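Since the structure is predicted, the reported quantities are computational estimates derived from the model, not experimental observations. First the proteins, then the strands, lettered A, B, ... as listed; each starts at 1.
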Amino acid sequence: MSQLDDLKTAIKSRLGDLECVIGWEQGYDPLHATPLFIRSEADLDRLIIGPLAVHNLATYLTGWKGKKVGVVVKGCDSKSVIELLNEKLINRDDVVIFGLCCDGVVSQRKIRAALPADPGFVESVEIGADSLKVTVAGQAATLRLDDVRADKCRVCDTPDALVSDFLIGKAHTPAPAPSLKCQDEFEAKSDAEKFAFWQETMGRCIRCYACRNACPMCVCRDYCIATSRDPLWVSQENLPSENMMFQMIHVSHLAGRCTECGECERACPVDIPLMLLRRYMNKQVRDVFQHEAGKALDQTPPLLTFKVEEERINERGW
Amino acid sequence: MRIGVFICHCGSNIAGTVDCPSVAATALTYPDVVFSTDTMYACSEPGQDAIIQAVKDKNLDGVVVASCTPRMHEQTFRRAVERAGLNRYMFEMANIREHVSWIGKTKDLNTGKAAELVRMAVEKLRRNRPLMAKRFETTKRVLVIGGGVAGIQAALDCADGGQEVVLVEREQSIGGKMAKLDKTFPTVDCSSCVLGPKMVDIAQHPNITLYTCAEVESVGGYVGNFQVTVRRKATHVDWTKCTGCGLCVEKCPSRKHPDPFNENLCNAPSINIPFPQAIPKKAAINASSCLMLTKGKCGLCAKVCPVKCIDFEQKDELVNVDVGAIVVATGYDLFDWHKYPQYGEGRYKDVITSLQYERLLSASGPTGGHIKRPSDGKEPKNVVFIQCVGSRDKSVNRPYCSGFCCMYTAKQAILTKDHIPDSQSYVFYMDIRSPGKLYDEFVRRAMEEYGAQYVRGRVAMIYPKGDKLVVRGADTLAGTQVEVPADLVVLAVGAESAKGAVQLGEKLRVAPDQYGFFVESHPKLKPVETNTAGVFLAGACQGPKDIPASVGQGSAAASKVLGLLSKAMLESDPAVSRVNPARCVGCGKCIQTCPFGAIKEIQDRFGNPKAEVIDTVCQGCGICTVTCPQGAIQLEHFTDNQILAEVNALCPPKMFANFE
Amino acid sequence: MPAQDVRELRIVGFLCNWCSYGGADTAGVGRFTQPTDLRIIRVPCSGRIDPLFIVRALMNGADGVLVSGCHPRDCHYAEGNFYARRRLEMLKRFLPITGIDERRFEYTWVSASEGQRWQHVVTEFTRRIHELGPAPSFNPKSDVDWNALAVQASQGQGCPCHGSIQA
Amino acid sequence: MEKFITKENLNRLAAELAATCRVLAPVADCGTVTFRRFQPGMVMDLHSRMAAVSPKAATFPQTETLLVVKREIPEKKPEIIETLPEGKNVVIGCRPCGARGKLIFDPVYETDKIKDPYYLQRRKNTVFISLACDRPETTCFCHSVGSGPADPSGSDVLLTLVGEGYVARSVTPEGEEIMKMALFADAGDKGKEADAKNAKAREMMGEAHDYASAPAKLLARFDDMDFWLAQSAKCISCGACTYMCPTCYCFNITDDDLGLSSQRIRTWDNCMSHTFTLEGSGHNPRSTKAHRLKNRVGHKFSYYPDLHKGVIACCGCGRCIKQCPAGVDIRQIVNAAQEYAE
């Protein structure tokens, strides 16, 4: 049986006890998936998995708190579930986890760059083992999946769900790239270049908060300090400085909690490469605290605890 | 709001380098400021009256005083605005003395800085709100840590004042350093005759519970309601039965470990009562040398004990004590003089410390009060005293003066002559520090009546010559080098902080200074208070002190405790954290990080988890406020908006510009 | 806002009440002369200092931000500076990716008795900030600056993440 | 008036206009396409795709300073400075749907009783030079909301790509004025070619969906929270849809104060956000995303048409579908209501 059939069987076996099971279906066009909330066996027919199923469905879990739901997760998404469990933001007994062994997902941005015409004009998509055949504006193009894989998949060391009630698919031996070229290149830039880059991109930001609301770890949602008057941290004025201030709030509240699922960057309607910030913060967290959010159950986020002697924080001499 | 601003000249302290009238004029351009003036001394009675009058005349509902540090006078002015009918939290201070006038040289820059600090205070005040203190009950019991003379005095005074006292002492007996002394300066009266009755009082006082061989394990809670755990170390003797008869001490066959009470001048039995006047007079077994406990055979003491109180199985015991206040009187230790190469680093048996010398002088000491030098037991004729060993010396990180060494050296010189009339004492000194009643007269007596020879200069080396030690040093007054053949050399070793003081300070949240002595709340005005409410200092744990000063501080700390516990209820600081339940998502991160357990989880009426602050337990640190990502828990008086207002006052946000 | 003196730069300090604010007082009592640029905000504990206060100050145009608390183990509230140390270290390490010079932010520990140390810290930090000069404004100051950025972007410059397929 | 302008000359036109006006044009912006203030040297990106954001900001900026208050000292009377927008704006290269967005604004911002001076001033001073679409994207449905790929309404000049240039047709006198510039050449018989292209584009869109029953059908589902819970399940309550939308006109007003000065700003608001209807008491009549999505869809396809002659408050550009991080499709939701079996 295929991975999808196995998944359907597993879901079917538990659907009766659950409010719903969150998976994916095809979205508004053949190139886009969208979350699917499976409430009946009939809904199961629409279930899809594969390289287009990009959404991190763990984002929805806190919204179902107190109810029993199922969720389908890729390896990366499972880290978000673990982090939510570790922070007691969801209850393990309330969630049935259908874990996938994931072959990676696509980056819509990279697909756009690789196609001869904008993916808005897509007509059909055929998913092969390692390729994607897309017909767009009358022209057919075959993309190697490797070429359009999401950045996070290139450095992924957890393709298989780390926590699950059902683990579906064949286990992988992860082969992550040591780092991302785009990240290394950006970090190598001068302060002035980086500063100008953020000035410009934050000038484009419309502060729609898609990055925040798509983030599985942003659990404040309605009570985010970026949109409150008391406390008043950020002006409503759409200035680059205020937009950057919001991003700094986001990154600071995610320090030691971010599972690098990439949803913030994927959600951004104006394509701001927010993962440059996230990956950099995560690197610092790894360096100082040897901590990776979502990698193990029963970890405490490093900023919620301390050591009397910090081996890796050098007190600077004055 | 209607805010009044008062710029203090502090005589010329501020006005000397800050244009106070100009700052007052600038303050009038700040939002909500309706009155602004400069004043000569804001803290003086007329100064405070002027503030009160202005509040009434100008109908003010907030006051800013720009003067000295709020650590000095914030309470003063809070009380003043309270007298004027305002809530005490509708007041802010700008520190334009310690942070401006005293550190900056340029008047116009100072003036500009002062004006900005006032602006910051005004912007914060605009976001202040009246806060009301909560009242809570206190535990009427005092913990005194340390049973030296300071702790004894504090315990007795508290107990006499009607409070229950728990006295915890690390050693087997109370008495501390003073119990080891032979005589005391400047009266040369018998140390144990003075201290002994007080020790007996401790044992007999109905209000005092004494734990010796005990240490403070942990401290929780807050002023009025501390929870303390005391570790009572195993003595292997059941003290409820032990009569202190001493039979076991006599019979103990293991006598190979040095006797700490006698400063290791002699050995002690493994089961011992340290000295005849010990309180409590109970025997205790030294587990590291006892044959039964180390090798599993002997048990002689158990056989001879008439009341069968020996218990080789005894374990440490943890005792929980609730107290309302704590007096720390942990004393001092002696500097380890072996660091000095010039004194032989311990190679010469006849180089001893001043405290060892006290034991040699003492009738209850190892020599029965006859001065015999350690090497051969001979009576010394030439005794050389070297002062400032581990005092006033930067090279060993002891730049401070220990204060009492000059006096006890003079005393020891006098006693030497008393004991050995044909002896000659030499004292190498740097300066003579003898302020105090009858102190300088006492030193002069040592020189003039007892013929002690004082040599001003440092000792360069000590070397053996025959059965003598030659002390070579400088005589800076004569400008020559001197060599004195000595039978015995006594080092006036300085005081350093007691071992374990830093660790105890961590438990008590009392900071030690760089040398490990505890820091008092204010060096002049609050010498026995600490920055942790309800914890007081007595004696040499705060800095080297002689006996009268230690006793004085013991009494002072006791009076502070009695003052504190005499109130039926205490008021808590209302500047504590508060949860906005509408914003709280119940994630519990604040509960996780609170060091005081001051936040608990409750359920709202819909069953949603929410955080709630226990007002009287909250200490107002604000860790939770930073932890909470939604800003749902705010530290009153230091809310996000208040601090952001200060930031924005200093760094105005970019506005009035539309970029597209 | 009174016009800021050209001899000064904008340096904001966040000091805990019990140690460092006291240390600054001690420096004052000792008349240890310091540069005047620093403006001190008093907070109860370094554990109250949200790294975002520092970001807010920098975003608002502060040229430097100095944080000081009790030495580790000496916190009046036992643990505040332990949390602060982690939070502040993360901020300091994070700043480089934003292009804000991390030297503009520093944190240290000064006790109430260390007046001279405080003088040293303030003097050195102020000197450092003067060497770095005024901080660039995050909001482009003029249309000219703004236009230059926008033109660059329209030509695909400045961003490492887009355009190329191979990441 | 019908003329022809080459691609090169369109770029020159933008540069020339930029000397005297604020010109907004779609530019490649680090991987995306957004409207930016055009500067000489910029490369317009007219064809690769529809700009991610709509040109709404030209007539309704995301932040608008309404007034500034200044005071010297607290006791003095404050000086209030109104900041009405000045200068001319030109939008070049937006799609017809984007230009049409403001037609939804007009009946709200200019009524007999209420006239919004800020909006009206910008509206008056802004010229839209739109570009007709030659191929629909998968998310396009302008033809179903009473428009089409070459709909001139809302535009001042409509361009149609023909060969290496554009056939330009004036729609308003303001548009005609611009077309008098020398950069425009005679169209010759290129007009026919343009008509054919436009017709083909319309044909490619297929049959229009009929939204006539939508207002009533949506209203019928008003109290059916189960329906809205199911429809909103995947919504993450962000503001991508509303901020991208050419027709969303809701705003928020806040005062930013700094000492004695303050500014009152008007900013885009977002009905998908919790704070949109959060009341001072803490009560929120639209406390869940289901309530909020019901309002957004209901407003566009039911309440607005009921108030304004049946006009649907949607221009069919599809940005809300395409840019939604969760792929919420407003067409599907309205369909579901229309097809709902009682």
When C:Cys19, C:Ala24, C:Cys75, C:Pro51 are compared by non-hydrogen pairs under 4.5 Å with chain B, the top option: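 Option with the top pair count is C:Ala24.
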
Selection from C:Val12, C:Ile41, C:Asp74, C:Leu38 maximising heavy-atom pairs under 4.5 Å formed with chain B: C:Ile41

By side-chain hydrogen bond (donor to acceptor under 3.5 Å, both in side chains) - contacts of C:Asn60 (at least two apart):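 Listed in chain order: B:Asn648, C:Arg56.
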
Which atoms of [X] come close to chain B, meaning under 4.5 Å heavy atom to heavy atom: side chain ones, backbone ones, both, or neither?
{"X": "C:Asn17", "result": "both"}
{"X": "C:Ser137", "result": "side chain"}
{"X": "C:Tyr21", "result": "both"}
{"X": "C:Arg42", "result": "both"}
{"X": "C:Ala27", "result": "backbone"}
{"X": "C:Tyr83", "result": "side chain"}
{"X": "C:Leu52", "result": "neither"}
{"X": "C:Ala112", "result": "side chain"}
{"X": "C:Thr36", "result": "both"}

Looking at [atom1] of [X] and [atom2] of [Y], how far apart are the two atoms once the value is rounded to the nearest 0.5 Å?
{"X": "C:Cys70", "Y": "B:Asn531", "atom1": "SG", "atom2": "CG", "result": "8.5 Å"}
{"X": "C:Arg39", "Y": "B:Leu650", "atom1": "CZ", "atom2": "CG", "result": "7.5 Å"}
{"X": "C:Asp50", "Y": "B:Thr625", "atom1": "CG", "atom2": "OG1", "result": "9.0 Å"}
{"X": "B:His99", "Y": "C:Leu15", "atom1": "NE2", "atom2": "CG", "result": "7.0 Å"}

Kindly give the heavy-atom pair with the smallest separation between [X] and [Y], and that separation in Å.
{"X": "C:Arg10", "Y": "B:Cys651", "result": "CG-SG, 3.9 Å"}
{"X": "C:Val43", "Y": "B:Ile643", "result": "CG1-CD1, 3.8 Å"}
{"X": "C:His76", "Y": "B:Arg509", "result": "O-CD, 3.3 Å"}
{"X": "B:Pro595", "Y": "C:Glu79", "result": "CB-OE1, 3.5 Å"}
{"X": "B:Cys621", "Y": "C:Tyr77", "result": "CB-CG, 3.2 Å"}

B:Thr593 portion near chain C, given a 4.5 angstrom heavy-atom threshold: both

Side-chain H-bond candidate by donor/acceptor type, B:Ser101 with C:Arg31, under 3.5 Å: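 B:Ser101 vs C:Arg31: no donor-acceptor pair found between side chains.
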
Partner set under salt bridge (charged side-chain N to carboxylate O under 4.0 Å, His left out) for C:Asp25, not counting sequence neighbours: B:Arg71

